[in-house]
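The first residue in the sequence is number 1, and the count goes up from there. Computed from a prediction, not measured in an experiment: that's the story for all the values here. Remember, it's 1-based here, ligands and their atoms both numbered in the order they're listed.
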Amino acid sequence: MKIKKRIISKQEHSVSRDAISDNALKVLYRLKDAGYQAYLVGGGVRDLLLGKKPKDFDVATDAHPDEVKGLFRNCRLIGRRFRLAHILYGRDVIEVATFRGPHEGESTIRADQNKDGRIIRDNVFGSLEEDALRRDFSINALYYNIRDDSIVDFTGGMDDLKYKTIRMIGDADTRYREDPVRMLRAVRFAAKLNFQMEHHTNNLIFEMGGLLEDIPVARLFDETIKMFQGGYGLKCFQLLREYRLFELLFPMTEASIKLNQEGNSGTLQLIEQALRNTDTRIASGKSVNPAFFLAVLLWHPLHEYKNRFIELGQHEMEALLSASREVITRQQAHTSIPKRLSLMMKEIWHMQLQLQHPTRKRALRTLENKRFRAGYDFLLLRNDVGEPELTSLCEWWTEIQTKSLSEQEAMCESLGRTQKKSGKRRKRRRKKPVNSYAAHSDDCQQ
Ligand code: ATP
Ligand code: MG
């Protein structure tokens with residue numbers, strides 16, 4: 001790769017100190033005043049140049065991690081693969097990375113690669129220029145210098161920003177091999193910024209996607225969350241499918257989409273609608289729950305497994321419980337799912353049965369369940385995309401939330417009366433499920 005260093009002076013670019021967070025500035029000033037080089041780099045500079053609000057600020061310096069620690073009381077050193085300093089200001093974290101160099105040559109700490117060329121340790125320190133070449137895309141390798149407010153560009157990042165291009169630095173084949181997660185990052189930035197990928201950066205993804213299978217599932221989970229909960233989830237999902245990466249991350253979901261395309265039972269519609277809602281919520285500053293979206297992604301695979309368990313003789317609730325365990329275990333071979341989230345997913349799924357079969361005795365307890373809101377939103381979403389026979393149930397659950405306690409009790413009573421008429425028949429058909437389900441739902445609430 002031809003390297004041409006370009007310095008863009010303060011007057012020639014649009015980044016102003018006012019747009020940089022106070023905490024990031026504090027870190028930059030302290031490093032500079034201690035005699036080190038200090039640059040803002042990565043998404044912070046890229047997004048400011050694009051007139052967007054950065055998600056976070058990353059700093060690059062020639063100070064080694066221990067030297068950074070010596071300068072800040074609120075500093076924690078983290079990471080094995082990349083040793084980094086985190087400077088903590090309450091919940092705000094400024095990440096400070098020491099310039100990285102190439103793997104060859106002299107170094108105090110070695111960088112290791114596995115047989116596929118994947119970097120498993122990368123703690124070789126280097127110069128500013130070497131650091132730029134170790135970064136993923138040219139638009140992520142622009143350095144804002146706190147000394148004179150200039151921007152340093154070694155890789156043509158300024159032009160790529162101008163022409164809306166995502167370009168891998170160096171040889172794309174080697175760089176994807178070093179870290180296959182860069183494929184997911186390329187897709188994420190294409191979605192987030194609405195940029196096109198440069199030819200090689202683009203084409204190699206189709207050939208090399210399979211390398212993602214060797215990446216630790218916890219890292220793939222983190223990337224998944226960034227892609228779907230970053231405010232541009234729908235676009236990311238569509239691109240991931242185009243690049244045939246989605247099927248590597250969520251093979252059961254992709255199989256359901258394909259299966260259902262003929263029967264048109266709505267897997268794709270459900271996922272896309274959920275992502276549309278998530279993107280809208282994020283745009284209006286509302287919080288989003290990753291368990292909700294994961295529950296959406298695996299909803300149809302869950303049903304396919306549930307039906308299999310029913311065929312094996314289990315009754316509906318039992319089959320749902322077996323299927324939830326099965327689907328989550330299988331998914332965890334591709335992306336991990338933290339226990340806290342998998343519990344929530346199960347609660348959302350199980351609550352669908354309670355919401356679909358409200359009874360005089362149980363409806364008020366369902367309403368008080370701490371997962372009611374998520375379960376109810378899930379039911380509305382299913383109804384929105386046209387799952388049959390849910391509209392009047394949705395109306396009933398919507399109405400009951402607007403009532404006083406005595407009115408709610410009356411609504412439940414009238415439910416009891418209508419159910420009594422058909423009660424005997426139902427009792428004979430399902431011996432235990434109602435009670436065993438009620439017991440289970442108590443477990444969920446703990
Ligand atoms: P955002 O924070 O908006 O998601 P970002 O570009 O800041 O985007 P981070 O994950 O915060 O992304 O990483 C910060 C910077 O570190 C990147 O801009 C890039 O220069 C570098 N970087 C991150 N991950 C990799 C990687 N896998 N390979 C090479 N460089 C990377
Ligand atoms: Mg960042």
Side-chain angles (χ1 to χ4, degrees), residues 20-21 23-24 27 39-61 78-79 81-87 92-103 111 113 117-124 126 128-144 151-157 160-161 166-172 174-195 201 205 208 211-212 214-216 219-220 222-233 235-236 282:
I20 302 171
S21 80
N23 293 334
V27 173
Y39 296 88
L40 198 65
V41 65
V45 183
R46 178 196 69 217
D47 291 349
L48 288 177
L49 284 166
L50 290 170
K52 291 178 186 284
K53 193 175 179 318
K55 191 165 65 71
D56 48 34
F57 289 97
D58 299 306
V59 168
T61 179
I78 60 142
R81 191 167 162 277
F82 291 111
R83 206 160 149 72
L84 295 169
H86 274 181
I87 317 293
D92 188 19
V93 179
I94 308 296
E95 197 163 279
V96 180
T98 307
F99 298 149
R100 295 221 146 62
H103 302 152
Q113 278 175 294
R118 180 154 67 86
I119 295 180
I120 42 187
R121 209 142 57 95
D122 189 7
N123 280 317
V124 184
L128 174 64
E129 178 176 329
E130 287 168 335
D131 189 75
L133 302 182
R134 300 287 313 128
R135 292 186 179 266
D136 47 8
F137 308 109
S138 62
I139 55 168
N140 287 347
L142 294 164
Y143 294 77
Y144 172 89
I151 288 178
V152 192
D153 177 7
F154 294 95
T155 61
D160 285 335
L161 270 186
I166 295 170
R167 181 191 310 273
M168 180 70 88
I169 297 170
D171 174 47
T174 313
R175 305 300 314 282
Y176 279 141
R177 262 176 226 290
E178 282 174 0
D179 182 7
V181 168
R182 289 173 185 149
M183 291 184 259
L184 299 178
R185 290 175 59 84
V187 168
R188 179 155 70 83
F189 294 125
K192 171 174 169 157
L193 307 172
N194 206 10
F195 277 25
T201 310
I205 298 183
M208 302 180 84
L211 293 176
L212 282 174
D214 297 331
I215 300 297
R219 188 156 177 234
L220 292 180
D222 292 345
E223 288 303 317
T224 300
I225 295 300
K226 283 188 206 160
M227 288 187 289
F228 293 132
Q229 314 264 278
Y232 39 88
K235 188 79 197 291
C236 258
I282 292 172

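The shortest separation from a heavy atom of Arg46 to ligand 1 is under 4.0 Å, placing the residue in contact. Residue Arg188 places a heavy atom less than 4.0 Å from ligand 1. For Phe189, the heavy-atom gap to ligand 1 drops under 4.0 angstrom. Heavy atoms of Asp179 approach ligand 1 to within less than 4.0 angstrom.
Near Arg134, meaning under 4.0 Å from one of its heavy atoms, ligand 1 places the atoms 29 (C), 30 (N). Here is the list of ligand 1 atoms found below 4.0 Å of a heavy atom in Gly42: 18 (O). Proximity to Lys192 (heavy-atom distance under 4.0 Å) selects the following atoms of ligand 1: 3 (O).
Between Asp136 and Arg182, none of the side-chain N atoms (NZ, or NE/NH1/NH2) sits under 4.0 Å from a carboxylate O, so this pair counts as no salt bridge. A salt bridge is defined here as a Lys NZ or Arg NE, NH1 or NH2 lying under 4.0 Å from an Asp or Glu carboxylate O, and Asp47 with Lys192 meets this definition.
Ligand 1 has a nitrogen or oxygen under 3.5 angstrom from a nitrogen or oxygen of Arg182. For the pair Gly43 and ligand 1, the shortest N or O to N or O distance falls below 3.5 Å.
Between Phe99 and Tyr39, the ring-plane angle classifies as tilted under the 30° and 60° cut-offs.
Residue contacts with ligand 1 for Asp136 involve both N, CA, C or O and side-chain atoms from C-beta outward (heavy atoms, distance under 4.0 Å). Residue-level proximity to ligand 1 for Lys55 is carried by the side chain, the only part with a heavy atom below 4.0 angstrom. Neither the backbone nor the side chain of Val41 comes within 4.0 Å of ligand 1, counting heavy atoms alone.
The shortest side-chain heavy-atom distance between Val59 and Ile94 falls under the 4.5 Å cut-off. Contact annotation: the side chain of Tyr232 never approaches that of Leu193 to less than 4.5 Å [non-hydrogen atoms, C-beta and beyond]. Phe189 places a side-chain heavy atom less than 4.5 Å from the side chain of Phe137.
Using modelled atom types, one finds a donor on one side chain and an acceptor on the other under 3.5 Å when comparing Tyr143 with Asp131.
Checking side-chain atoms of Thr61 against main-chain N and O of Thr98 turns up no donor-acceptor pair under 3.5 Å.
Shortest non-hydrogen contact noted between Met183 and Met208 is CE-O, 3.1 Å.
For residue Asp56, an N/O/S atom approaches the Mg ion (ligand 2) to within less than 2.8 Å.
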